[in-house]
Amino acid sequence: MKHECGRNVVETNSYKTLSTGDVKEYRYLRCPECRRPGFVTPDPEHVYSALAQAVFEALGDFEVIRREYARGDESRRERKRLEDSIAYYMSGLEPGGRFDKAGFIREKAESTLDALINDLTKIDPESTKDRWVYESTGMTYSQHWKTGGVEAMEKDLLSAGITFELGKQGDGELLGRLIIPHDVEERLIRMDNNWS
């Protein structure tokens, strides 16, 4: 198979569907970069259908993952509040401290201290850092493209660097080749609007 120029069929500006003729309309697909007159396909819908089928088969079952930037400010503030409160109750329970009394006051201070320590252990240390968070959208790319249509698929393919090249064999038969980068799963991760 010989690929004429390596241009990507996915890019709408690379290949054009043209109409000509006074009596009858002719639709065909031609790359504006290829100067060879024989490199034209008279059935663009067949090409785009083959592209869609190849993409659905190769990537349709992948889960749509969204990446968002999460700041750890709130968790850091909560951890600091708990640590300060724990220090307050610990110093108050020391001999001669504010809560160093027998009975109800000491019991209440000790149970409050236990609850604060328990809350502190529930804070994930990672949540106090600024970080990227990856979440599933609960759908596959096949479902996403069926809902979003051709525009959604085109946008995802272009952003992930996925290409579809056309070429002709020696006998003139038109062949397509879907080229998927090895790290396509990472490239397909959708980013939130603030950090994309």
Side-chain angles (χ1 to χ4, degrees), residues 6-15 48 51-94 97-99 105-165 176-196:
R7 292 293 299 261
N8 185 8
V9 177
V10 175
E11 297 177 65
T12 53
N13 293 340
S14 295
Y15 282 80
Y48 287 122
L51 166 62
Q53 181 179 349
V55 169
F56 270 89
E57 287 175 6
L59 307 171
D61 291 336
F62 284 22
E63 186 178 19
V64 180
I65 304 291
R66 182 177 30 249
R67 179 175 96 159
E68 296 180 357
Y69 195 72
R71 298 199 176 274
D73 296 348
E74 188 175 325
S75 292
R76 283 193 297 268
R77 280 193 298 274
E78 179 62 7
R79 183 179 66 185
K80 173 89 169 91
R81 182 191 73 77
L82 289 169
E83 289 170 347
D84 290 347
S85 296
I86 288 168
Y88 171 76
Y89 280 97
M90 287 180 74
S91 68
L93 287 167
E94 291 177 353
R98 168 180 225 140
F99 306 116
I105 293 175
R106 182 170 189 86
E107 289 175 17
K108 189 67 174 166
E110 287 174 346
S111 69
T112 302
L113 178 61
D114 288 342
L116 290 168
I117 291 171
N118 187 40
D119 288 348
L120 183 62
T121 61
K122 290 179 182 175
I123 294 178
D124 180 2
E126 287 299 309
S127 72
T128 64
K129 301 174 184 172
D130 295 342
R131 69 215 178 276
W132 289 106
V133 177
Y134 297 86
E135 296 179 347
S136 170
T137 62
M139 70 170 57
T140 64
Y141 272 95
S142 180
Q143 295 165 328
H144 169 64
W145 292 328
K146 285 177 183 171
T147 304
V150 175
E151 294 80 16
M153 180 187 282
E154 180 181 312
K155 181 179 175 184
D156 291 334
L157 298 182
L158 288 172
S159 69
I162 298 165
T163 60
F164 189 71
E165 296 177 353
R177 180 173 67 171
L178 184 64
I179 302 169
I180 300 174
H182 70 283
D183 58 347
V184 69
E185 287 188 75
E186 292 174 29
R187 291 175 177 230
L188 281 172
I189 292 174
R190 305 175 69 76
M191 292 187 242
D192 68 7
N193 292 335
N194 297 328
W195 296 90
S196 56

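- Closest approach of Pro181 to Ala160, counting heavy atoms only: CG-O, 3.4 Å.
- Side-chain contact between Lys146 and Thr140: absent, with no pair of heavy atoms (C-beta onward) separated by less than 4.5 Å.
- Interatomic distance, CZ of Arg79 versus CZ of Arg77, reported as 12.5 Å (0.5 Å rounding).
- Note that the CG atom of Leu116 and the OG1 atom of Thr121 stand 11.0 Å from one another [nearest 0.5 Å].
- Put simply, the side chain of Asp130 reaches to within 4.5 Å of the side chain of Asp73, judged on heavy atoms.
- Between Glu68 atom CD and Trp132 atom CH2 the span is 9.5 Å, to the nearest 0.5 Å.
- In this structure, the side chains of Arg76 and Lys80 stay at 4.5 Å or more apart for every pair of heavy atoms.
- Annotation: side chain of Trp145 is in contact with side chain of Asp156 (closest heavy-atom distance under 4.5 Å).
- Across every non-hydrogen atom of Gln143 and Gly138, the tightest pair is OE1-O, 4.2 Å.
- Taking all atoms of both residues into account, the shortest heavy-atom contact from Leu93 to Ala109 is CD2-CB, 3.8 Å.
- Screening residues 114-127 for salt bridge (charged side-chain N to carboxylate O under 4.0 Å, His left out), with sequence neighbours left out, gives Glu126-Lys129.
- The structure places CG of Leu178 at 7.0 Å from OG1 of Thr163, a figure rounded to the nearest 0.5 Å.
- In this structure, OG1 on Thr137 lies 10.0 Å from CD on Glu135, to the nearest 0.5 angstrom.
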Between Arg106 and Glu110, is the salt bridge (Lys or Arg N to Asp or Glu O under 4.0 Å) condition met? List the steps.
CA-CA 6 Å; Arg106 182 170 189 86; Glu110 287 174 346; 3.2 Å; yes
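- Within a 6.0 Å radius of CD1 in Ile65, other residues, nucleotides and ligands contribute more than 12 heavy atoms.
- Separation of atoms CD1 (Ile179) and CD1 (Ile162) is listed at 11.0 Å; rounding is to 0.5 Å.
- Judged by distance alone, with hydrogens and angles left aside, the side-chain atoms of Arg98 form no donor-acceptor pair with the main-chain N or O of Gly92 at under 3.5 Å.
- In this pair, Tyr89 and Phe99 present their aromatic rings parallel. The plane angle is below 30°, not in the 30 to 60° band.
- Checked for salt-bridge contact, Asp84 and Arg81 miss the test: no charged N lies under 4.0 Å from a carboxylate O.
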Donor-acceptor pairs under 3.5 angstrom involving side-chain atoms of residues 55-64: please list them, not counting sequence neighbours.
residue, atom, partner, partner atom, Å
Glu57, OE2, Gln53, NE2, 3.1
Glu63, OE2, Ser136, OG, 2.4

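- Minimum heavy-atom separation, Ile189 to Tyr141: N-OH, 4.3 Å.
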